[in-house]
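Sequence lines set the chain letters: A, B, ... in the order given, protein chains first and strands last, and positions in each chain run from 1. Note that the coordinates shown come from a computational prediction; the quantities given were computed from them, not determined experimentally.
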Amino acid sequence: MPVPDADTPPHRYDAALAAAIESRWQDHWEASGAYETPNPAGALSTGRGSSGPKLFVMDMFPYPSGSGLHVGHPLGYIATDVYVRFKRMAGFNVLYTMGFDAFGLPAEEHARQTGQHPRINTEANIDNMRRQLDRLGLGHDKRRGVATTDIDYYRWTQWIFLQIFNSWFDPGERRARPIAELVDEFSSGRRPVPDGRTWEELSEAEQREVVDSHRLAYVADAPVNWCPALGTVLANEEVTNEGRSERGNHEVFKRPLKQWMMRITAYADRLLEDLDLLDWPESVKTMQRNWIGRSEGALISFPATSSAHLEMQPIEVFTTRPDTLFGTTYMVLAPEHPLVDELVADAWPAGVPELWTGGAATPREAVAAYRARAAELSDADRSDSKSGIFLGHDAVVPFTDTRVPVFIADYVLMGYGTGAVMGVPGEDQRDREFAEAYSLPVIRTVEPPPDHPDELAYTGDGPSINSRFLDGLDVEASKVLIIERLTETGFGRSTVNYRMRDWLFSRQRYWGEPIPIVFDDYGPVALPDDMLPLELPELTDWAPRALARDSEPEPPLGRVTEWVGVDLDLGDGPHHYRRELNTMPQWAGSCWYYLRYLDPTNDEALVDPDVESYWMADPDPGGVGGVDLYVGGVEHAVLHLLYARFWHKVLYDLGHVSGLEPFKRLINQGYIQAYAFKDDRGVYVAAEEVEGSLQKGFRHDGQPVTRELGKMGKSLKNSVTPDDMYASYGADTLRLYEMFMGPIDQDRPWETRSVVGSQRVLQRVWRNVVDEETGELRIADEPSDDDLLRLLHRTIDGVRSDMEGMRFNTAIAKLTELNNELTRRGTGAPREVAAVMVRMLAPLVPHFAEELWHRLHGGGADSVMRAEFPAADPALLVEDIIEVPVQVNGKVRGRVRIAADADEDTAVSAALAEPNVAAHVGGRELRKQLYVSGRMITLVV
RNA sequence: GCCCGGAUGGCGGAACUGGCAGACGCAGCGGACUCAAAAUCCGCCGCCCGCGAGGGUGUGAGGGUUCGAAUCCCUCUCCGGGCACCA
């Protein structure tokens with residue numbers, strides 16, 4: 001850190017001067033509403049926007065944590081801010097703001113510990129975070145910065161919930177429609193009632209049940225992940241593979257509970273197909289595709305029989321390989337499969353191998369023991385080896401009279417497909433391993449290549465064998481034919497299966513949006529829109545409950561007795577209702593905040609349609625619309641981005657938004673990592689106190705320590721805060737350094753000692769414009785010479801395209817080169833060059849540039865933000881004489897200066913005249929000559 | 001196991017569509033200025049040989065395509081991320 005002393009020139013650009021400049025301009029911009037972007041109509045139609053094309057740029061909004069920022073947090077915010085400032089100077093009307101995702105667990109945990117209402121803590125954290133971000137000079141339109149906990153905001157989150165509740169998915173039209181249209185179709189007879197009666201013949205309870213079962217938001221009695229330590233039920237995606245909570249790594253138990261579900265599976269195909277229309281990182285698209293997990297296959301029914309009974313309930317399986325049907329030698333159900341209790345035999349058939357019985361006296365005992373053991377093991381342990389239990393009954397393979405034994409085994413998962421599989425050990429390696437373990441026969445149904453090992457399943461293509469009418473056909477043709485036969489005979493049909501499940505939407509928390517639903521005797525009833533917002537009641541009882549392993553889920557709102565039951569008149573006279581006690585998940589508020597940024601003060605609609613279409617509609621026909629650029633961490637690749645897409649598509653179907661997708665372009669910013677140091681006990685030591693180098697070794701308090709790279713944070717004792725950097729260098733230097741470190745989408749290690757390089761760049765620019773001793777301008781008023789002018793315009797050209805492509809690191813390198821040339825000349829920058837350079841710097845270092853801009857133009861000048869971003873003069877980009885390298889036999893042997901428009905013969909003769917080239921040609925005959933215009937002269941001898 | 005990325009000096013990175021590898025910055029080395037140091041300015045800075053001009057070699061490894069490959073193709077190694085008994 002540079003220590004100012006008596007010798008430091010009084011007007012040097014150092015941390016103190018930067019701080020003064022930064023706070024002065026921040027105050028000025030705030031007072032002048034410099035970042036306020038106008039809407040085409042409505043309350044926010046004022047502001048200093050541009051009349052040019054619109055652009056909507058957004059960061060993933062943060063959770064307002066109480067622990068403060070480190071230098072890694074604002075990386076993406078700085079990048080969007082630079083881009084936004086560039087696009088504003090390039091004439092775009094840019095919407096850019098920042099909100100807060102403020103519901104959630106930490107505030108509630110804080111409330112539990114302090115007894116203080118979570119809103120107080122939340123709002124304090126928001127204020128603190130705003131202050132820290134403001135210090136960076138981010139150009140947000142503050143009027144638009146909503147928090148999901150604002151009552152005016154979650155009113156509309158609740159409104160959207162009701163829109164979804166009051167909709168159903170019409171598979172014929174592949175879109176959501178109002179639930180009233182479904183009722184209309186049932187009552188008019190256009191749509192048959194599921195059980196064949198007419199609509200009028202159904203009781204009110206039955207009608208309600210039919211309608212409710214079609215809603216996009218519905219109540220299901222489902223096994224949920226109950227986490228006693230957190231006191232909440234978790235979504236599947238919040239539970240790790242080891243069966244523990246992602247947050248805190250606590251134990252999670254399965255409990256049945258009435259839960260709100262969102263029918264996202266109805267949109268699986270559209271969510272999948274429309275990925276192709278998005279300008280997103282391929283990795284994120286792949287993750288979403290994997291998450292949705294679409295696979296085509298067939299449902300096949302296997303009749304189950306036993307020696308004692310005649311016909312039982314058939315076992316239905318899903319398979320992607322119906323062509324291997326004739327290789328089925330056994331069946332497996334998931335241990336939790338509902339058919340198990342029916343299919344389990346009273347006694348073991350004669351001659352059953354001991355291996356199949358688990359040593360139990362009866363099948364029922366064996367099943368009970370197996371289930372008990374499976375429940376104790378984690379999923380990871382269960383995956384180690386194949387195990388199962390015979391149920392004592394058989395199933396019959398369709399088209400044959402072959403009877404195959406039915407097992408339960410935990411390698412079959414209840415949560416995928418039908419929870420049952422046909423065991424085909426010849427063609428599936430998992431089935432093969434099970435068959436080996438239980439001595440089951442193997443029948444190959446596809447002829448493997450001669451070199452295929454006998455002991456492995458064969459999953460490749462080839463002619464069908466042992467498969468009756470399929471024999472000789474390849475896999476694809478076999479699939480087609482078998483599905484045809486299955487369909488004809490009623491044994492099966494083709495189907496599409498998805499890995500994705502419906503979205504579990506309830507949380508047993510206090511600090512979330514109340515679900516605007518009450519219950520009467522028949523089920524859920526929506527509150528009318530005019531009863532929104534449904535505000536959270538005050539909760540004073542924050543005492544932790546005994547959260548034992550065997551406890552039952554309990555929503556905190558259940559403690560507010562005067563809230564639980566309510567008398568309401570919902571249009572048919574006053575009735576007593578029970579309220580929904582669950583709240584929404586944190587994902588809810590973040591599903592649609594981009595829409596509220598557009599029109600945050602509107603109390604008539606979530607967003608005015610004209611405002612929405614101005615900012616969200618795609619100018620290109622066939623475009624998907626949405627936010628033009630969305631920047632955030634890759635950790636939201638699936639959940640947040642998938643849920644938001646789902647809601648957006650529902651809103652689109654219902655006519656509330658104008659485009660198919662919420663986020664047209666997505667960039668995942670990389671993470672800033674930092675070195676952390678461990679002593680010989682393996683304990684982390686404060687990174688800032690470590691001395692030494694990789695060569696000399698690192699030491700802390702004289703003791704050797706080892707270095708590793710990790711996430712910046714308290715646990716690794718390697719945090720560097722923006723405040724540290726403001727104190728040492730100022731916000732503009734921090735911004736410049738973070739943008740210079742590397743490409744935006746790449747992880748990079750933080751190195752505090754390198755930050756000084758970015759400050760030195762700014763100091764050199766400053767010195768080329770301002771005299772450090774006097775503070776006077778030291779620019780040259782005569783015009784710049786031709787060489788400098790050409791360099792300037794090459795720089796403009798490069799910087800413009802780098803800015804456009806968000807390659808800020810190379811833009812900064814080009815600006816540095818230009819400035820280094822000015823420094824080398826040592827005469828102060830020509831005024832016209834200085835003014836252009838300052839404009840190019842303005843997006844990166846706005847305070848610094850504004851200060852120099854005003855010094856160059858006098859106090860009355862308008863902000864540099866309002867100046868146009870420089871455009872290169874094409875005439876100054878073309879050179880008359882260019883230097884071209886010459887290759888002889890693939891190696892560069894010299895360079896020649898030739899006319900830019902020289903033809904090949906001219907270029908080659910110039911090359912041959914160059915002494916070193918001539919020496920390497922050595923008078924030999926040219927076998928080949930080549931001139932790539934302006935690039936390279938190639939000679940082959 | 002499967003699917004995505006990635007690997008370039010001591011370090012972060014640059015090289016746009018196959019055309020001068022190492023821009024820019026950090027660190028390091030040398031010089032100027034200074035009584036001295038800091039700061040600043042100038043220069044050097046992949047590795048090997050050479051006083052030098054210059055030569056050889058070089059983008060994780062091996063092979064290929066091409067007049068020409070960091071860039072395209074094949075095989076492999078290592079690192080990061082995602083998914084994982086998904087039928």
Evaluate ring pair (Phe, Tyr, Trp, His ring centres under 6.0 Å) for A:Y438 paired with A:Y330, printing each intermediate quantity in order.
CA-CA 10 Å; A:Y438 291 88; A:Y330 65 99; 8.6 Å; no
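- Nucleic acid contact class of A:N916 (heavy atoms, under 4.0 Å, all strands): sugar-phosphate only.
- The residue A:N820 sits close only to the backbone: its heavy atoms come under 4.0 Å of sugar-phosphate atoms, none of a base.
- Neither OP1 nor OP2 of B:A39 sits under 4.0 Å from any side-chain N or O of A:R764.
- Within 4.0 Å of A:R432, counting heavy atoms only, lies no atom of the nucleic acid at all.
- In terms of polar N and O atoms assigned as donor or acceptor, the side chain of A:T938 comes within less than 3.5 Å of the base of B:G19 in a complementary pairing.
- Taking the nucleotide of RNA chain B with the nearest heavy atom to each of A:R807 and A:P749, the more 5' of the two is matched to A:P749.
- Between A:F848 and A:Y13, the ring-plane angle classifies as perpendicular under the 30° and 60° cut-offs.
- Across B:U40 and B:C26, the matching P atoms stand 10 Å from one another, rounded to whole Å.
- Rounded to a whole Å, the CD atom of A:Q673 is 15 Å from the C1' atom of B:C11.
- Side-chain N/O atoms of A:R760 include one lying less than 4.0 angstrom from OP1 or OP2 on B:C26.
- Because its NZ or CZ atom is not both nearer than 6.0 Å to the ring centre of A:F677 and within 45° of the ring axis, A:R707 does not count as a cation-pi partner of that residue.
- In terms of polar N and O atoms assigned as donor or acceptor, the side chain of A:K814 never comes within less than 3.5 Å of the base of B:C24 in a complementary pairing.
- Among the nucleotides B:A87, B:C20, B:G13, the one closest to any side-chain atom of A:R895 is B:C20.
- When the side-chain nitrogen and oxygen atoms of A:H920 are compared with OP1 and OP2 of B:G55, one or more of them lie within a distance under 4.0 Å.
- Along RNA chain B, the nucleotide nearest A:Y675 and the nucleotide nearest A:T286 are compared for position; the residue whose nucleotide lies closer to the 5' end is A:T286.
- Closest to the side chain of A:R12, out of B:U40, B:C20, B:A87, is B:U40.
- Glycosidic conformation, B:G50: anti, with the torsion outside 90° of 0.
- Contact annotation for A:N290: no contact, since no heavy-atom pair falls under 4.0 Å across all strands.
- Residue A:Q887 is in base contact, counting any heavy-atom pair closer than 4.0 Å across all strands shown.
- Relative to the six-membered ring of A:F434, A:K386 misses at least one condition, a distance below 6.0 Å or an angle of at most 45° to the axis.
- Side-chain nitrogen and oxygen atoms of A:Q746 include at least one within less than 4.0 Å of the OP1 or OP2 phosphate oxygen of B:G13.
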